Protein chains: 4
Amino acid sequence: MSSFKERKIAKKKEEILRSAAAIFAEKGYHGTTMEEVAAKLLMTKGSMYYYFKNKDALLFHCHQMIMDKSIVTMEEIFNSPLTWTEKLTNAIKAHVQLATSEKSMFMVMDKPNQHFTDEYLQEILASRTKYAQYFDQILLEGIRSKEFQNIDVKMVRMIILGALNWIQEWYSPEGEKSGEEISEAFSAYLLKIVI
Amino acid sequence: MSSFKERKIAKKKEEILRSAAAIFAEKGYHGTTMEEVAAKLLMTKGSMYYYFKNKDALLFHCHQMIMDKSIVTMEEIFNSPLTWTEKLTNAIKAHVQLATSEKSMFMVMDKPNQHFTDEYLQEILASRTKYAQYFDQILLEGIRSKEFQNIDVKMVRMIILGALNWIQEWYSPEGEKSGEEISEAFSAYLLKIVI
Amino acid sequence: MSSFKERKIAKKKEEILRSAAAIFAEKGYHGTTMEEVAAKLLMTKGSMYYYFKNKDALLFHCHQMIMDKSIVTMEEIFNSPLTWTEKLTNAIKAHVQLATSEKSMFMVMDKPNQHFTDEYLQEILASRTKYAQYFDQILLEGIRSKEFQNIDVKMVRMIILGALNWIQEWYSPEGEKSGEEISEAFSAYLLKIVI
Amino acid sequence: MSSFKERKIAKKKEEILRSAAAIFAEKGYHGTTMEEVAAKLLMTKGSMYYYFKNKDALLFHCHQMIMDKSIVTMEEIFNSPLTWTEKLTNAIKAHVQLATSEKSMFMVMDKPNQHFTDEYLQEILASRTKYAQYFDQILLEGIRSKEFQNIDVKMVRMIILGALNWIQEWYSPEGEKSGEEISEAFSAYLLKIVI
DNA sequence: GATGAATGAGAGTTCATTCAT
DNA sequence: AATGAATGAACTCTCATTCAT
């Protein structure tokens with residue numbers, strides 16, 4: 001049970017993270033100054049340090065905020081009463097949806113080992129591995145159940161995740177394809193690999 | 001006909017670029033200092049500026065060195081007397097080969113609009129577009145000749161390039177899969193999308 | 001109505017400008033480092049950038065501080081109910097007084113087009129022109145009212161300003177002539193040109 | 001008796017000095033790089049060091065080249081069989097002529113104590129003093145012979161030299177007044193101070 | 001005589017971070 | 001809970017100078 005105060009702080013933190021993510025996405029981690037992040041929220045540089053202990057922490061929590069969301073969604077999909085084909089389809093669609101609706105957050109997730117040192121890096125990589133393993137699991141079970149062909153799971157997972165992670169680099173809300181259309185196309189085409 | 005001196009200087013420049021690319025790849029552009037790049041070559045910071053006018057130029061020429069190579073290879077493949085299926089296969093394989101053998105260079109190519117301002121950015125983007133268009137062309141002609149199914153060219157190209165560009169993030173020469181094996185797997189699986 | 005904080009910051013800025021001017025005057029703009037200016041005020045280099053965005057700005061504001069003072073004084077003299085002869089005398093005396101009491105500031109005003117680029121240069125030159133025009137105006141009105149002979153206004157103004165601007169190069173508070181004496185001599189001798 | 005070689009070197013040195021002076025005049029001493037000076041003469045930076053031991057020497061010899069000329073001219077005027085009034089007139093005219101025809105050289109002479117350290121500074125200041133003393137001498141003799149009024153020699157000399165040294169700051173060959181006209185005006189007006 | 005290449009000391013500037021208030 | 005001010009370490013870049021060839 002969180003107090004009103006705690007909830008207020010949590011809300012402020014998320015505000016900061018979203019703002020930071022947007023700028024990180026546009027200018028990159030190093031290209032972004034604490035001042036910019038603060039200014040966008042009508043705060044001062046100094047105040048940010050009340051909420052996050054340093055710039056690294058800002059990036060880290062951006063990472064985790066989106067990873068947590070992604071993993072929760074994946075869990076739901078994985079545990080749903082669907083065929084593996086359907087699960088893979090849904091996993092791909094869910095990723096596309098998030099990647100297009102939260103473009104900034106996703107861009108921030110790039111090249112973690114260039115930005116983090118040990119303390120945070122372990123956690124980040126753990127999240128990523130966990131996310132990747134859901135795909136592996138789905139592929140594996142799909143093969144076992146004869147829904148999928150006998151593919152090289154790791155290679156196919158890399159192809160799928162590569163295609164998905166590339167979306168942030170080219171997707172634009174003003175582009176010709178909507179997130180919905182991309183998710184349809186991606187799931188349809190990528191499924192052809194496994195079936 | 002280039003003089004001895006010109007060739008010598010060109011060689012030195014390439015040396016510098018390779019050295020720079022290796023560090024850029026490891027630590028990112030901003031995480032890399034001119035001093036580090038110089039030190040690795042037993043030079044001094046100041047000397048670097050004799051060969052490249054600034055840090056941006058270093059990154060830019062890394063970009064172009066690998067893009068030029070990639071595009072030349074693509075041209076050869078495109079103009080060869082093969083079926084479109086074979087051409088697509090070869091294009092994918094060639095990309096994997098380069099991406100794995102020149103991992104550092106490829107990593108450097110990431111997020112150009114975060115690192116460059118107008119003067120260089122235009123040229124970079126032009127190269128990328130040119131490279132992408134070879135894939136589009138192959139896909140288009142493959143469809144026209146009925147070798148490929150009636151796919152959405154842009155979406156499929158994005159999937160292919162996404163998968164290929166992701167390789168640098170996970171490939172390691174010490175990993176379980178060789179570049180050769182990856183190129184076989186990727187070409188085989190990606191071809192399933194179009195056929 | 002300026003707040004306490006605003007006045008405090010303004011005071012600090014003026015402190016910095018005076019300190020900077022003193023060193024600029026002694027060593028020249030390029031011969032002066034930001035570190036020296038800061039050190040003289042027991043600050044660090046970095047802190048200076050909190051008050052002035054760069055070295056240029058420091059010089060620019062030195063310029064404008066003294067030009068503003070000069071112009072205000074000239075305005076008063078120009079609008080006072082005196083004869084043109086008295087006005088010219090006072091203008092010369094006022095300049096000498098300022099040039100001798102604020103020697104450093106005046107030395108800094110030298111060769112603006114070597115130190116400034118467009119953004120600042122326009123403003124600097126505008127101030128200078130404005131100052132010069134007061135002399136022209138006085139000379140012109142003096143001629144019209146028959147107080148002065150029919151002289152070439154521009155040439156005489158150049159002689160007067162030249163003589164005045166040279167003072168900073170040789171005046172020393174420890175010298176044999178006081179500012180007061182110089183102002184008497186200069187006004188008396190220069191008046192002989194126009195009468 | 002100088003050999004052919006020596007004369008060739010001397011000629012090259014003067015070429016360099018003129019070129020250097022032009023750039024110094026435009027950009028200031030610190031704003032000028034050895035490279036620029038060299039480039040203007042189609043030389044390389046390194047070659048300059050064959051003729052002048054360093055940048056300071058370049059500036060110093062610019063100084064002395066023009067001071068030598070000025071002093072020789074003054075000597076001639078001083079020793080000519082003319083009245084003191086005529087001598088002063090000629091001295092002023094000669095200075096204006098040189099200042100307008102060799103604008104760059106004259107600009108370079110500015111603020112010697114900011115650019116030189118002991119070795120050169122003494123010599124520079126000696127030249128300047130010598131030049132100034134010719135004016136003092138003329139004024140003094142003019143007073144003694146009752147041609148001039150009983151003026152304060154130092155003050156008047158400062159006015160004259162100030163007016164003359166200011167010319168470089170505003171004179172332009174494309175301006176409305178020719179060097180000839182300026183010399184007429186300046187000598188006429190400045191004479192009014194002493195007579 | 002000339003130069004290409006290298007050097008190294010130092011400059012201006014930026015910015016994450018701290019902390020008294 | 002917020003902030004203004006200060007800091008200092010790091011970084012990019014410049015340039016006079018040197019010297020082997």
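Bear in mind the structure is a predicted one, so any value in this text is a computation, not a measurement. Values below: all heavy atoms of this structure, side chains included; hydrogens, waters and symmetry mates excluded. A, B, ... follow the sequence lines: proteins, then strands. Residue 1 opens every chain.
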So do the side chains of [X] and [Y] get within less than 4.5 Å of each other, counting heavy atoms only?
| X | Y | result |
| --- | --- | --- |
| D/Ile9 | D/Tyr50 | yes |
| A/His30 | A/His115 | yes |
| A/Glu123 | A/Gln64 | yes |
| B/Gln114 | B/Tyr29 | no |

Q: Verify, without hydrogens or angle tests, whether A/Lys45 (side chain) and A/Thr33 (backbone) share a donor-acceptor contact under 3.5 angstrom.
A: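 Not confirmed, A/Lys45 side chain does not pair with A/Thr33 backbone.
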
(Q) When you measure from the side chain of A/Lys103 to the backbone of A/Ala25, do you find a donor-acceptor pair of N or O atoms at a distance under 3.5 Å? (A)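 Answer holds: no.
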
Q: Assign B/Lys8 to base, sugar-phosphate, or nothing according to its heavy-atom contacts below 4.0 angstrom with the strands shown.
A: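 The residue B/Lys8 makes no contact with any strand.
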
Q) Base, sugar-phosphate alone, or nothing: which one does A/Ile9 contact when heavy atoms must sit under 4.0 Å apart? A)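 Sugar-phosphate only.
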
**Q.** Pairing residues for A/Glu169 by the salt bridge (Lys or Arg N to Asp or Glu O under 4.0 Å) criterion, not counting sequence neighbours
**A.** B/Lys111

Q) What pairs with D/Glu36 under salt bridge (Lys or Arg N to Asp or Glu O under 4.0 Å), at least two apart in sequence or on another chain? A) D/Lys27

Q: Show your working on salt bridge (Lys or Arg N to Asp or Glu O under 4.0 Å) between C/Lys11 and C/Glu15 and close with a plain yes or no.
A: CA-CA 6 Å; C/Lys11 204 183 140 196; C/Glu15 246 183 83; 5.3 Å; no

Q. Do any of residues 107-114 of chain C sit with a heavy atom less than 4.0 Å from DNA chain F, and if so which?
A.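 Those residues: none at all.
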
**Q.** Polar side-chain contact D/Lys45-E/dT3 base: donor and acceptor under 3.5 Å
**A.**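 Absent.
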
(Q) Under a 4.0 Å threshold between the charged nitrogen and the carboxylate oxygen, would C/Glu102 count as salt-bridged to C/Arg18? (A)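 Yes, C/Arg18 and C/Glu102 are salt-bridged.
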
Q: Determine, stepwise, if the pair D/Met34 / D/Phe52 fulfils side-chain contact (heavy atoms from CB on, under 4.5 Å).
A: CA-CA 11 Å; D/Met34 293 297 270; D/Phe52 293 96; over 6 Å; no

Rounded to the Å, how far apart are [X] [atom1] and [N] [atom2]?
| X | N | atom1 | atom2 | result |
| --- | --- | --- | --- | --- |
| A/Tyr51 | E/dA16 | OH | P | 19 Å |
| D/Leu41 | E/dG1 | CG | P | 17 Å |
| D/Met43 | E/dT3 | CE | C1' | 11 Å |

Q. What residues in residues 17-37 of chain A put a non-hydrogen atom under 4.0 Å from any atom of DNA chain E?
A.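 Close to the strand are A/Thr32, A/Thr33, A/Met34.
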
Q) Of all nucleotides in DNA chain F with an atom under 4.0 Å from a non-hydrogen atom of chain B, which is the first and which the last going 5' to 3'? A) F/dC11 to F/dT14

Q. Where are the stems of DNA chain E, defined as at least 3 consecutive Watson-Crick or wobble G-U pairs with both distances under 3.5 Å?
A. E:2-21 with F:2-21

Q: May I have the step-by-step check of side-chain contact (heavy atoms from CB on, under 4.5 Å) for A/Met105 and A/Met65, ending in yes or no?
A: CA-CA 8 Å; A/Met105 284 282 181; A/Met65 190 198 277; 3.4 Å; yes

Q: Over all heavy atoms of both residues, which pair between B/Val37 and B/Ile16 is shortest? Give the atoms and the distance, please.
A: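 Where B/Val37 meets B/Ile16 most closely, the heavy atoms are CG1-O, 4.4 Å.
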
Q. If you take all heavy atoms of D/Ile124 and D/Phe116, which pair is closest and at what distance?
A. CD1-CE1, 3.9 Å

Q: Take C/Asp56 and B/Tyr50, find for each the nucleotide of DNA chain E with the closest heavy atom, and name the residue whose nucleotide sits nearer the 5' end.
A: B/Tyr50

(Q) Taking only side-chain N and O atoms of B/Thr44, does any of them lie within less than 4.0 angstrom of OP1 or OP2 on E/dT7? (A)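 For E/dT7, OP1/OP2 do have a side-chain N/O of B/Thr44 under 4.0 Å.
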
Q. Think D/Lys5 has a side-chain N or O under 4.0 angstrom from the OP1 or OP2 of E/dG1?
A. yes

**Q.** Whichever of B/Gly46 and C/Ser47 has its nearest DNA chain F nucleotide further upstream toward 5'
**A.**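 Closest to the 5' end, via its nearest nucleotide, is C/Ser47.
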
